[in-house]
*Asks:* 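Provided herewith is a single structure, encoded as structure tokens, for subsequent inquiry.
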Amino acid sequence: MSESAGRRSTLPGFGLTMGLTLTWLSIIILLPLAGLFLKTFELSFDQLWAIVTSRRTLHALKVSFGLAFAAASVNLVMGTVIVWALVRYRFPGRRLFDAIVDVPFALPTAVAGVALTSLFAQNGWLGAPLAELGIKVAFTPVGIFVAMIFIGIPFVVRTVQPVLIDLDVEIEEAAASLGANRWHTVFRVILPSLIPALLTGFALAFARAVGEYGSVIFIAGNLPNVSEIAPLLIVIRLSEFRYADATAIAVVMLVASFLVIFAVNRLQRFAQTRIPAH
Amino acid sequence: MAIEVSNIVKRFGAFAALDGVDLKVANGELLALLGPSGSGKTTLLRIIAGLDWPDSGEVTFDGEDALARGAGERGVGFVFQHYALFRHMTVFENVAFGLRVQPRAVRKNEASIRARVKELLDLVQLDWLSDRYPSQLSGGQRQRIALARALAIEPRILLLDEPFGALDAKVRKELRQWLRSLHSEINMTSIFVTHDQEEALEVANRVVVMDKGRIEQIGTPGEVYDHPATAFVHGFIGESIVLPVDVRDGGVRLGGKALDIAVNGAAAGASKLFVRRHDMQVGPPGSGALEGAVQRVRTFGPIQRAEVALSADKTVIEIDAPRDRELRAGDLVGLQPRRYRIFAAQE
Amino acid sequence: MTFEMTLQRVRTADPDEVANPLPFYAARDDVRTEPGPIRFVVIAIAVVFLTVFVVLPLVVVFAQAFSKGIGAYFSALSDPEALSAIRLTLWVAAISVGLNLVFGLTAAWAIAKFDFRGKTLLISLIDLPFSVSPVIAGLVFVLLFGAQGYWGPWLQSHNLHVLFAVPGITLATVFVTFPFVARALIPLMQEQGTQEEEAAISLGASGLQTFFRVTLPNIKWGVLYGVLLCNARAMGEFGAVSVVSGHIRGETNTMPLQVEILYNEYQFVAAFAIASLLAMLALITLVAKTILERHLDEGQHSRGN
């Protein structure tokens, strides 16, 4: 009689690998997370509220979230244009441009930060002509906006690209044969089917931009209440040993980001039921 | 090597993949596990192999408890439905694998391994492919390499999971015959799983018909075909005509009218009459227990297949009749079941 | 007995194959695309945008780095602080990649080859560092090890330094690069299934033999891919490391931090010289990534089954 029958797996090593995985996960992720939660619960709700609604904090949050939203929106539109050109058209250098879409993803953030600042500074290659037009980019919120656009470029493009590639030609041919002109076909048939992917890309770009530090702090003015981003405020509070404040801001950022992503996911699922994916 | 399986139960959540299965496999026999999807045949095979474990029950090989060992220690050669050849190894390395991973104490030297691999590749007649990679082989070739690989470790039993399922019809037929002759040559106890009854009946010494986790019948192909034990077996194997009948007062009634056929010990109540298509004797009207009008006739070689609408309840059945007397649409015929079974309607 | 022999052609997908590609000069009235001028405008907008936002910044890095000539470039790189930053970066990256490689392999094996409840939760937890701002990643370690952190006093009394020292930097880097190898391997191994491993086991191989002889060769491109991305992130990480590092020159500065310090001191050539190394790393990573992706796609199409 085999007592060992029952919960055995064919392949060996489950116990060992699972154990190692959980151990490492606990040490590197769960433990630090626990620290964060502990710290958060040390504060009473009133204290949390006071920290978060202080003028400087509110401003920093507004700057981070507001500009991230704007930048992600720009990336939504531009990303669509870019992915359309890359997938549907052929032009000299297409492969190269396709490859460089990933640069903002691969480039270390500090490098991006100093490069963008240098580019858009008053005496920079792009900053100088813009200054002639009276537009100041570096060390203003506009600079933050520009940096956030930079880092969000790959998200919409890479999320939408596989969906657009897999799109069935016959759908467009059917629309055309039914009398739709090209405008209709693109805006009423093709783009709607890309909406779930577009929303996902937007959410990813937004989340990334909100939390971005390295690419932004060089080009931002970092003036409190003007051009200070929330991550910078966290760093400042930490250096002042005001751990509680830093934690409060971090928690608000996390919660708000998750809420936005959650909302986008619901929107996406809603869109998917109305416009089934291919 | 003889195998004995006792009262195996295996559940996946609420679903009973195997619901109390008993089986004895004799040494050297070629056994088929036959059944539709979900019948539990693959689960049973994998449990015998050691790739899955039962919730309760016993499996013994020549009297020894097989469940005490893992798949690598049971001396089982397993051939997967989709071959599972190691894609990054050549054919030669695939076949040699089992020999190379043996513990140092038992392992043969390189020369012996090479000789054995060559021997096996000759056996499956694919020696000339030994430097190719699996992706460069056809489905039939891959299956034979998978077999050679399984045989390399000199297993005590050979288990094959739908070995020809992924191949097209012609290759399947050829490989079937090849497997049969291979088995007579090596005479190893072998069990294979299939959902194709033609395959099971053609190849196996004995057939185990399974449905919904239980064994319906075990027997030789002839027994299973000519003497099906349950309604399921009758319906699954060969083509059957199934008529809903009522057994009452020692007689059989179809559509309210009495049929002139013996009850043969069937229990009273709502039942089903099973007759093979070719077991219906065709004669002039009145010559048989059933009567009907021919709707349509198609000829297949030596037989003619006729669709007949029964006068009793207007159901249309298909019968196979020899071509000595030609049937035409519109003919009235009498049908007498030569051989039939009556099973209770519940089964 | 003879059998028909047919060789199966191995089909590799051409990654350049795109859906319905049309050159910008193609016929105007084709129902499947937009009129020529519109195509031109769309392409122009895309190209200009990418040039302004991606190409120019890259060029600026190198232009600034070499703006005072090659001599100045190399002397900036051979500055002792620069060298120490490079050394530290390499060291931290090596540790992070090494540890997360082992972790990635074990996690992928546990997740891809077995069934258990809570798999989604586990994968989400592994993905966590991805969705967290780098500054918050640094923050959590400060909360644990900082002077006023939970273990701060204990560490101080034992004269152990985690923050403002290499261990802290390593921890923060390990945290942010945690998911890379696992994320590359899990879908790959899930897709490859368990059949080959089961075959190996049934042929008598032990667990380790199965892993090294059967699984590893099948996932080698995935491993390289994960290691590549993990390394790129490890070397380039800024936010998290900045928080825990203390910016002690010559000791706790990685290359990105050194770039920041030099830039803030207006030593532009030096800053961009180091930045150029990181930029080159990024470009090499992208090239290698493209090559590896090609191998991974090929593997998908020439399944041996």
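Hydrogens, waters and symmetry mates are skipped; everything else that's a heavy atom, side chains included, is used. Every chain is numbered from 1 and lettered A, B, ... according to where its sequence line falls, protein lines coming before strand lines.
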*Asks:* Relative to chain A, which segment of C:Val287 carries a heavy atom at a distance below 4.5 Å: side chain, backbone, both, or neither?
*Replies:*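 No part of C:Val287 comes within 4.5 Å of chain A.
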*Asks:* Report which part of C:Ala182 has an atom under 4.5 Å of a heavy atom belonging to chain A: side chain, backbone, both, or neither.
*Replies:*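 Answer is neither: C:Ala182 stays 4.5 Å or more from chain A.
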*Asks:* Can you say whether C:Val243 sits under 4.5 Å from chain A via the side chain, the backbone, both, or neither, judging by heavy atoms?
*Replies:*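 Only the side chain of C:Val243 comes within 4.5 Å of chain A.
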*Asks:* Do A:Val114 and C:Gln64 pass the side chain to side chain contact (heavy atoms under 4.5 Å, CB included) test, and can you show the C-alpha distance, the side-chain angles, and the key distance before you say yes or no?
*Replies:* CA-CA 10 Å; A:Val114 297; C:Gln64 289 274 21; over 6 Å; no
*Asks:* Using non-hydrogen atoms and a 4.5 Å limit, figure out which bit of C:Leu144 sits close to chain A: side chain, backbone, both or neither.
*Replies:*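 The answer is the side chain of C:Leu144.
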*Asks:* Is it the side chain or the backbone of C:Phe272 that comes within 4.5 Å of chain A heavy atoms, both, or neither?
*Replies:*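 For C:Phe272, side-chain heavy atoms alone lie under 4.5 Å from chain A.
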*Asks:* Please name the pair of heavy atoms, one in C:Val60 and one in A:Ala115, separated by the smallest distance, quoted to 0.1 Å.
*Replies:*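 Result for this residue pair: CG1-O, 3.8 Å.
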*Asks:* With a 4.5 angstrom heavy-atom cut-off, which part of A:Ile217 approaches chain C: side chain, backbone, both or neither?
*Replies:*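 Contact with chain C: side chain only.
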*Asks:* What part of C:Val102 lies closer than 4.5 angstrom to a heavy atom of chain A: side chain, backbone, both or neither?
*Replies:*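 C:Val102 has no heavy atom closer than 4.5 Å to chain A.
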*Asks:* Can you tell which part of C:Phe114 gets under 4.5 Å to a heavy atom of chain A, answering side chain, backbone, both or neither?
*Replies:*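 For C:Phe114, side-chain heavy atoms alone lie under 4.5 Å from chain A.
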*Asks:* Under 6.0 Å between ring centres, would you say that holds for C:Phe53 and A:Phe150?
*Replies:*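 Here the rings of A:Phe150 and C:Phe53 have centres that are no less than 6.0 Å from each other.
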*Asks:* Quick check on C:Phe145 against chain A: is it the side chain, the backbone, both or neither that has a heavy atom closer than 4.5 Å?
*Replies:*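 Neither; nothing under 4.5 Å.
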*Asks:* Do you know which of C:Val174, C:Leu208, C:Ile38, C:Leu56 has the most heavy-atom pairs with chain A at a distance under 4.5 angstrom?
*Replies:*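 Looking at each of C:Val174, C:Leu208, C:Ile38, C:Leu56 in turn, C:Leu56 comes out on top.
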*Asks:* Quick one: what part of A:Ser257 sits under 4.5 Å from any heavy atom of chain C, side chain, backbone, both or neither?
*Replies:*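 Looking at A:Ser257, nothing touches chain C.
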*Asks:* So what's closer than 4.5 Å to chain A heavy atoms on C:Ile136: side chain, backbone, both or neither?
*Replies:*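 Contact with chain A involves the side chain of C:Ile136 alone.
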*Asks:* Tell me whether C:Thr106 contacts the main-chain N or O of A:Thr17 through its side chain, where contact means a donor paired with an acceptor under 3.5 Å.
*Replies:*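 No, the answer is negative, given that no donor and acceptor are paired below the 3.5 Å cut-off.
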*Asks:* Quick one: what part of A:Ser239 sits under 4.5 Å from any heavy atom of chain C, side chain, backbone, both or neither?
*Replies:*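 When you check distances to chain C, no heavy atom of A:Ser239 falls under 4.5 Å.
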*Asks:* Before giving the answer on side chain to side chain contact (heavy atoms under 4.5 Å, CB included), spell out for A:Met18 and C:Leu122 the whole-Å C-alpha distance, their side-chain angles and the decisive distance to 0.1 Å.
*Replies:* CA-CA 11 Å; A:Met18 198 61 183; C:Leu122 183 60; 3.8 Å; yes
*Asks:* Under 4.5 Å from any heavy atom of chain A, what part of C:Ser276 do you find: side chain, backbone, both or neither?
*Replies:*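 C:Ser276 has no heavy atom closer than 4.5 Å to chain A.
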*Asks:* Considering only heavy atoms, which portion of C:Ile45 lies under 4.5 Å from any heavy atom of chain A: side chain, backbone, both, or neither?
*Replies:*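 Both parts, heavy atoms under 4.5 Å.
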*Asks:* Answer with side chain, backbone, both or neither: which region of A:Val186 has an atom nearer than 4.5 Å to a non-hydrogen atom of chain C?
*Replies:*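 Only the side chain of A:Val186 comes within 4.5 Å of chain C.
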*Asks:* Quick check on C:Leu139 against chain A: is it the side chain, the backbone, both or neither that has a heavy atom closer than 4.5 Å?
*Replies:*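 For C:Leu139, backbone and side chain are both near chain A.
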*Asks:* Looking at C:Tyr150, I'd like to know if the NZ or CZ of A:Lys39 sits under 6.0 Å from its six-membered ring centre while staying within 45 degrees of the ring's axis.
*Replies:*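 Verdict for C:Tyr150: a cation-pi partner in A:Lys39.
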*Asks:* Between A:Leu107 and C:Leu58, does the side chain to side chain contact (heavy atoms under 4.5 Å, CB included) criterion hold? Intermediate values first, please.
*Replies:* CA-CA 9 Å; A:Leu107 196 64; C:Leu58 272 179; 4.2 Å; yes
